[in-house]
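For the single chain, residues carry numbers from 1 onward in sequence order.
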Amino acid sequence: MALHPEYLRVFWKTQHQLLRMDGALSLPERHYVAIMASARHHCVYLVSLHTACFLQVGGDPRWLEGLSYAPLKLRRLNDVNKYLAHRPWLITKEHIKSLLKSPGGHAWSLAELIHALVLLTHFHALSSFILGCGIYPPEGKDFIRRPSSPDVRISERCSTPQEAERVLAQMKELDEEEQEEPSEEEMETRFEEEKRECVMVTSNGDPVHSVSASVLCFLEDPDFGYIDFSRRGEQTPPTFHAHDYTWEDHGYSLLHRLYPEVGQLLDDKFQVAYNLTYHTIASHSEVDTFKLRRAIWNYIQCIYGIRYDDYDYGEVNRLLERSLKVYMKTVTCHPERVTRQLYNDFWRQFKHSEKVHLNLLLFEARLQAALLYGLRAITRYMT
């Protein structure tokens with residue numbers, strides 16, 4: 001993240017607020033929720049880190065023997081944890097009600113649940129970023145070898161000279177075609193085509209590492225994972241139309257009311273990630289990268305069934321080639337399967353910092369998608 005200091009600053013502010021500052025959950029509970037979230041993607045790095053933090057802030061060591069040793073209140077968060085991690089469209093107001101109305105002194109307050117929901121989605125998405133960069137203990141190494149300059153290209157010997165030029169040419173064509181507005185029917189058709197295309201993009205095989213006992217003990221239903229939102233031959237859940245429940249008008253306003261410090265920080269972080277640009281692509285400078293960044297963001301949220309009705313999804317296939325889509329989908333939905341080869345196979349002509357920039361976009365687009373589903377369920381429960 002240090003390759004992108006503007007983003008790193010707002011990331012640290014947000015994480016510090018979530019873990020250290022005023023909030024509804026106790027400090028040990030916060031780190032335990034982080035462990036539960038990170039375990040869903042077998043992120044040993046985060047599980048190990050927050051295990052140590054949990055003990056440092058006075059957490060009960062017995063809880064670390066596994067989820068079954070934690071208080072019932074935390075264990076009851078398991079279903080929401082696994083749905084937000086893998087299939088956030090399954091979250092309903094009934095899940096929210098069951099947590100808020102639990103008998104026997106095990107109920108969550110609304111403030112506690114909001115805090116937990118943000119922590120869960122934050123650490124699910126952070127697991128994607130960490131595993132997407134190949135960070136595994138105990139080696140502590142990553143795919144991104146630290147050269148004297150962060151701008152050294154990877155896989156120089158097999159880079160494709162036309163790769164960056166193809167993206168630039170497509171963006172130029174899209175700029176020239178902007179006066180030709182597609183009809184609503186065409187926009188709908190292109191979104192449906194992209195949803196079907198998402199199914200055709202298969203993630204990389206099996207997890208890179210077997211699940212260690214230190215992670216497995218925090219998992220219930222470990223085989224529960226991502227499935228395609230639009231599965232062939234099966235009934236598709238309703239599309240989440242972004243204009244019906246937007247981050248700006250609905251998600252942010254709910255968070256700002258119930259957890260104001262974090263609501264503002266998340267909004268700042270989304271904006272920094274979405275708008276971050278150095279006006280470069282590979283060795284090309286003075287480039288407007290907005291269309292590429294928007295296609296990346298919207299593709300990730302399309303994977304989770306979210307549609308922006310005013311966006312032409314035909315742009316996604318023109319700007320994102322197949323190996324890039326495979327990497328993006330694997331990092332977002334199955335980060336435990338990311339390999340060095342997968343990392344090396346896309347954008348071979350691009351810089352290290354540009355690949356990290358991509359991972360930041362995946363982190364934030366995924367985080368916002370899951371948050372929208374979770375916050376929408378809370379809004380429906382409240383109304």
Side-chain angles (χ1 to χ4, degrees), residues 36-37 40-41 77-99 113-114 116-125 127-128 188 191-203 220-252 254-255 266 270 296-309 311 313 316 325 328-335 362-383:
M36 290 174 63
R40 289 307 318 178
H41 287 306
L77 197 63
N78 181 65
D79 281 349
V80 168
N81 180 25
K82 73 179 185 182
Y83 291 145
L84 285 173
H86 307 295
R87 306 176 205 171
W89 55 87
L90 295 180
I91 295 282
T92 67
K93 66 180 182 181
E94 282 71 32
H95 294 112
I96 305 304
K97 181 180 179 179
S98 71
L99 291 170
L113 185 55
I114 286 282
L117 187 144
V118 177
L119 282 167
L120 290 171
T121 53
H122 173 83
F123 282 100
H124 294 152
S127 296
S128 280
E188 173 74 24
F191 174 72
E192 294 301 324
E193 287 174 351
E194 190 54 46
K195 277 204 303 184
R196 289 192 292 273
E197 169 71 14
C198 288
V199 177
M200 302 299 292
V201 175
T202 55
S203 300
E220 286 183 6
D221 199 0
D223 295 328
F224 186 91
Y226 175 83
I227 60 171
D228 288 297
F229 182 83
S230 301
R231 302 183 75 187
R232 283 167 290 182
E234 296 188 17
Q235 186 174 358
T236 301
T239 295
F240 186 126
H241 289 274
H243 69 270
D244 291 336
Y245 195 92
T246 68
W247 165 254
E248 294 80 7
D249 296 332
H250 303 92
Y252 170 73
L254 179 63
L255 262 186
L266 283 171
F270 289 146
I296 290 166
W297 187 282
N298 288 355
Y299 177 69
I300 292 305
Q301 298 204 338
C302 177
I303 286 173
Y304 288 107
I306 296 176
R307 179 190 174 192
Y308 293 88
D309 289 349
Y311 179 66
Y313 284 83
V316 170
K325 282 185 172 183
M328 289 169 61
K329 186 173 181 180
T330 305
V331 168
T332 306
C333 305
H334 306 283
L362 305 187
F363 175 170
E364 297 298 336
R366 175 192 173 163
L367 170 58
Q368 189 184 83
L371 263 182
L372 284 171
Y373 278 108
L375 293 173
R376 184 180 68 169
I378 290 175
T379 299
R380 288 177 171 175
Y381 166 78
M382 294 172 66
T383 54

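Put simply, CD1 on I91 and CG on L372 are 13.0 Å apart, with the number rounded to the nearest 0.5 Å. With rounding to the nearest 0.5 Å, the separation of CD1 in I300 from SG in C333 is 7.0 Å. With rounding to the nearest 0.5 angstrom, the CG atom of N78 is 4.5 Å from the CD atom of E220.
Contact check for L113 versus L77: side-chain heavy atoms found under the 4.5 Å cut-off. Under the 4.5 Å side-chain criterion, counting only non-hydrogen atoms from C-beta, Y308 is in contact with W297. The shortest side-chain heavy-atom distance between L90 and K82 does not fall under the 4.5 Å cut-off. Considering only heavy atoms from C-beta on, Y252 stays 4.5 Å or farther from L266 through its side chain. Using a 4.5 Å heavy-atom threshold, the side chains of F240 and W89 count as separate. Side-chain contact check for N298 versus I306: every heavy-atom pair is 4.5 Å or farther apart.
Side-chain atoms of S98 come within 3.5 Å of backbone atoms of H95 as a donor-acceptor pair (strictly under, hydrogens ignored). Under a 3.5 Å cut-off, the side chain of Y313 and the backbone N or O of Y299 do not form any donor-acceptor pair. A side-chain donor-acceptor contact under 3.5 Å links N81 to the backbone of M36.
A donor-acceptor pair shorter than 3.5 Å cannot be found between the side chains of H250 and R376.
A side-chain contact (heavy atoms from CB on, under 4.5 Å) with R366 is found for one member of T332, V331, T121, I303 and no other, namely T332. Screening H334, H124, H41 for a ring pair (Phe, Tyr, Trp, His ring centres under 6.0 Å) with H86, the sole residue that qualifies is H41.
F224 carries R87 over the face of its six-membered ring, with the cationic atom under 6.0 Å from the centre and within 45° of the normal.
A370 and L84 get closest at one heavy-atom pair: O-CD2, 3.7 Å.
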